[in-house]
2 protein chains.
Amino acid sequence: MSKRHTSLKDLATELGVSISTVSRALKNHPDISPELTRKIQQLANERHYTPNPLAMGLLRQQTKMIGVIVPDINTHFYSSIISGIEKVAKEHGYFIVISSSNESMQKEIESVDNLLNSRVEGLIVCLSQETDEFSHFHKLIENEIPLVFFDRVCEDLSVPAVLANGEEATQMITRHFYENGCRRIAYISGPGHLNISRNRKIGYLKGLEECHIDFDPQLLVNCNLSIEEARLATQQLLQLPNPPDAIFGMNDTIAFAAMIEIKKQGFKIPDDISLAGFTDEFHSIVVDPPLTSVSHPTFEMGKAAAELFFELLVKGENISKRIVLPIDLVVRQSSIKN
Amino acid sequence: MSKRHTSLKDLATELGVSISTVSRALKNHPDISPELTRKIQQLANERHYTPNPLAMGLLRQQTKMIGVIVPDINTHFYSSIISGIEKVAKEHGYFIVISSSNESMQKEIESVDNLLNSRVEGLIVCLSQETDEFSHFHKLIENEIPLVFFDRVCEDLSVPAVLANGEEATQMITRHFYENGCRRIAYISGPGHLNISRNRKIGYLKGLEECHIDFDPQLLVNCNLSIEEARLATQQLLQLPNPPDAIFGMNDTIAFAAMIEIKKQGFKIPDDISLAGFTDEFHSIVVDPPLTSVSHPTFEMGKAAAELFFELLVKGENISKRIVLPIDLVVRQSSIKN
DNA sequence: AAGCTTTGCGAAAAGCTTTGCGGAAATTTT
DNA sequence: AAAATTTCCGCAAAGCTTTTCGCAAAGCTT
């Protein structure tokens, strides 16, 4: 079995002084004489003493842990956000415990419970796709336990959140398509109860209006965020009597699934159909043709979420702040018709 | 400030009994009378009592935390492995604390220190690319703190590990190329001090021998695992007076970088050059042409690593086991010449 | 030299749980 | 009725740290 870490008691016994003396000496308390302080600190160094975080936690009633719930850890989008969170958490001496909801509301509820039972000091969460009911967050709000949402938020709850400006993004994409000669611009959206779906749809409609294109309901299709449904949605668009000349998907899964399906059906990108999506740089470059995409500021988003979290933690009050991060439209070959 | 969780003491005070009575009642100890037990359990439910893990940790000298160190959380490969680890950790009532070394040995050392100071009960680690010296693991080994490596291991240290059969994989790829008419098969390898680089090189050489192809040193190039170096390495191969008719890269970064570079230089895949890599399914499908690749059993790898960890944890002894997971060669269009 | 302040350190409590041991009351036995 | 069990529960310690309070000795004042 692994040996115990050295404790204050160990040092105290070895030096024949009391525990409190050792404790004070290690933080240079003036009550302790210089020589004794030196002796104690030296031994502490030799024994590699570090305070036991469990004992400290018990004393201070804090665990230095933040719970993070994501729909799926297994994508660049979330893992990059997690990196951002982890960075600022570490700077504050905190560490993060990650729990994946797998896009299931049931698992999300369990995660909240588990993390709370593990005494995390608060939660940073991105709602699962299924989540349309929010009572599992009530106890956090009532007890003023820090909680911040990112990307997917609940509009009804006054919870601080950080999100990307999806509305502006989709509006930009729509306009970009228009300026490149597209007139039948289709949009594959996600589930309607997700705020990100709604916002992006709004931007899409605004963009159409701006370009004086009438909205054609046939060109707006919904899907959940799975590859299969995204492919089906694409098929549906391609089979239209008057198919679109541009498609954009609301996240990278959809965009890539659409790309596969479009190619499979023999359409050329971008000549027959322009394509754009929301995704990160690496994947956009590696596909053929390189994908025009909105680059999410994922790392920044994680950082912002964590900073918001710590603001909550120290201030205590429930500052209901909402941070909207700008996005970037990176134009690549998939949307430039020859 | 967030309210305190209810403790045994709270329940005891409210019911006018002692703390120990409450504690025993909650675990149905026969010493406590049935009615009292019932009453206590009911109140505990109402108050949502859960034992304070900090107090338990202090008592039992365990934190139920596993430290996980990965070179980079931000890739599918590692995040998928983490998912696997997390699954079995959760089954055992443990949670994981992730730390990223960013491929830096210095940060790896810091991570080890930090995690140990946080009193994790052991470590599951994948070495950073830079790591060529291992003294920071000595204290773990000496103190018999559970430690398991995955994917990248140190051959000199007798530490249990789980890895994929890279040797067999590269041998299979080489043979596959040969069977599809390739005779000048190039291999872009990683840093030589990494066991995975070495193993895969061995497989490559074995494959060549099996196919009676003489090894041409010009066709074996090294690079670190960055996109830039991988592109340079590819350029180097393509500029050869007698360029290769097949290339495979030792991980997905290399494979994709090679793909980009090959296309950029105007070569056709697979007609001019066959290509294969190590990567996961989604990315292999989404690129053009779909990439022949070795699929790493990432999730299984994570699970196996965690199971090995718990074996160590309960048995206490340092069973120096090495688990080698089979890999799968999935043939797609990038390696089938017409 | 008697009283006062300062200096330097120890005891103990709090934070929470488990568990061996002891003890009082209730019950059974003789 | 006295003795012996049982039954049911509380005390206290251990695990580790911080911090308030207190105490003794040394130094100081007059």
Side-chain angles (χ1 to χ4, degrees), chain A residues 1-41 43-45 47-65 93 116-121, chain B residues 1-41 43-45 47-65 93 116-121:
Chain A
M1 280 290 102
S2 58
K3 268 180 228 102
R4 244 185 51 253
H5 289 258
T6 69
S7 69
L8 288 183
K9 192 179 186 177
D10 297 332
L11 301 177
T13 310
E14 187 160 347
L15 255 42
V17 296
S18 81
I19 295 177
S20 27
T21 303
V22 178
S23 173
R24 274 184 277 248
L26 293 181
K27 26 182 65 70
N28 290 308
H29 193 287
D31 265 12
I32 310 298
S33 70
E35 336 127 82
L36 185 53
T37 299
R38 199 194 46 70
K39 234 170 54 184
I40 292 178
Q41 289 186 352
L43 186 68
N45 270 327
R47 297 278 181 280
H48 299 106
Y49 169 80
T50 53
N52 185 320
L54 270 60
M56 292 292 288
L58 206 51
L59 192 66
R60 304 246 185 269
Q61 295 287 24
Q62 53 179 351
T63 52
K64 301 274 183 186
M65 299 195 305
L116 249 32
N117 287 346
S118 296
R119 305 309 200 254
V120 296
E121 293 182 33
Chain B
M1 281 292 100
S2 58
K3 266 179 231 101
R4 246 184 50 253
H5 288 256
T6 69
S7 68
L8 287 183
K9 191 180 187 178
D10 297 331
L11 301 176
T13 310
E14 188 160 346
L15 256 41
V17 295
S18 81
I19 296 178
S20 30
T21 302
V22 178
S23 173
R24 274 185 271 250
L26 292 181
K27 25 182 66 69
N28 291 308
H29 194 287
D31 265 11
I32 311 299
S33 69
E35 346 135 68
L36 187 52
T37 298
R38 200 194 44 72
K39 233 170 54 180
I40 291 178
Q41 291 187 349
L43 187 68
N45 270 329
R47 297 278 181 279
H48 298 106
Y49 170 79
T50 52
N52 185 321
L54 269 62
M56 293 293 288
L58 208 49
L59 192 68
R60 305 244 185 270
Q61 295 286 27
Q62 53 179 356
T63 52
K64 302 273 184 187
M65 298 195 304
L116 248 31
N117 286 345
S118 295
R119 305 308 200 259
V120 297
E121 293 182 33

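Note that the structure is a prediction, hence the values are computed from the model and not measured. Labels below follow one simple rule: chain letters A, B, ... track the order of the sequence lines, proteins then strands, and each chain is numbered from 1. Computation of the quantities below employed the complete heavy-atom set of this structure, encompassing side-chain atoms and omitting hydrogens, waters and symmetry-equivalent molecules.
- Contact between B:Ala25 and B:Ile32 at its shortest, heavy atoms only, is N-CG1, 3.9 Å.
- With rounding to whole Å, A:Leu8 atom CG is found 17 Å from D:dA14 atom P.
- Base contact: B:Ser23 has a heavy atom under 4.0 Å from a base atom.
- Contact record, B:Ser118 with B:Thr63: O-CG2, 4.4 Å, taken as the closest heavy-atom pair.
- A donor N or O paired with an acceptor N or O is not found under 3.5 Å between the base of D:dC11 and the side-chain atoms of B:Ser18.
- The residue among A:Ala55 and B:Pro34 whose nearest nucleotide of DNA chain D lies closer to the 5′ end is B:Pro34.
- Atom pair A:Leu36:CG and C:dT7:P shows a separation of 16 Å (rounding to whole Å applied).
- Looking at every heavy atom in both residues, B:Leu54 comes nearest to A:Leu58 through CD2-N, 3.3 Å.
- Atoms NE2 (A:His29) and P (C:dC9) sit 12 Å apart, rounded to a whole Å.
- B:Leu54 places its CG atom 14 Å from the P atom of C:dG15, with the value rounded to the nearest Å.
- C:dC16 atom C1' lies 8 Å from atom CD1 of B:Ile19, rounded to whole Å.
- Atom C1' of nucleotide D:dC9 and atom CD1 of B:Ile40 are separated by 10 Å, given to the nearest angstrom.
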Please test B:Tyr49 against B:Val22 for side chain to side chain contact (heavy atoms under 4.5 Å, CB included), starting from the C-alpha separation and ending with a verdict.
-> CA-CA 11 Å; B:Tyr49 170 79; B:Val22 178; over 6 Å; no
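- One atom, CG of A:Leu58, and another, P of C:dA13, lie 17 Å apart when rounded to the nearest Å.
- Distances shown here put every side-chain N or O of B:Tyr49 at or beyond 4.0 Å from the OP1 or OP2 atom of C:dC16.
- Residue B:Gln61 has a polar side-chain atom (N or O) positioned under 4.0 Å from OP1 or OP2 of D:dC16.
- Look at B:Ser33 and you'll find a side-chain N or O under 4.0 angstrom from OP1 or OP2 of D:dC9.
- Applying the Watson-Crick and G-U wobble criteria (two distances, each under 3.5 Å), D:dT30 pairs with C:dA1.
- Regarding B:Lys39, its NZ atom lies at a distance of 14 Å from the P atom of D:dC8, rounded to whole Å.
- Under 4.0 angstrom from either OP1 or OP2 of C:dT17 there lies no side-chain N or O belonging to B:Lys9.
- Judged by distance alone with a 3.5 Å cut-off, no donor-acceptor contact links the side chain of B:Arg119 to the base of D:dG15.
- Residue side chain A:Arg24 does not reach the base of C:dG8 through any donor-acceptor N/O pair under 3.5 Å, judged by distance alone.
- Other residues, nucleotides and ligands contribute at most 12 non-hydrogen atoms within 6.0 Å of the NE2 atom of B:His48.
- Between the side chain of B:Arg119 and the backbone N or O of B:Asn117, at least one donor-acceptor pair lies under 3.5 Å.
- Closest to the side chain of B:Leu59, out of D:dG15, D:dC9, D:dT17, is D:dG15.
- Closest approach to the B:Asn52 side chain among C:dC9, C:dT17, D:dT17 is made by C:dT17 (side chain taken as heavy atoms from C-beta onward).
- Comparing B:Met56 and B:Val22 against DNA chain D, the residue whose closest nucleotide sits nearer the 5' end is B:Val22.
- Counting any heavy atom pair closer than 4.0 Å across all strands shown, A:Ser20 reaches a base atom.
- Judged by distance alone with a 3.5 Å cut-off, a donor-acceptor contact links the side chain of B:Asp31 to the base of D:dC9.
- For a distance-only test at 3.5 Å, the side chain of A:Arg60 fails to qualify as a donor-acceptor partner of the base of D:dT19.
- The pairing partner recorded for C:dT17 is D:dA14, the criterion being a Watson-Crick or G-U wobble arrangement whose two distances lie under 3.5 angstrom.
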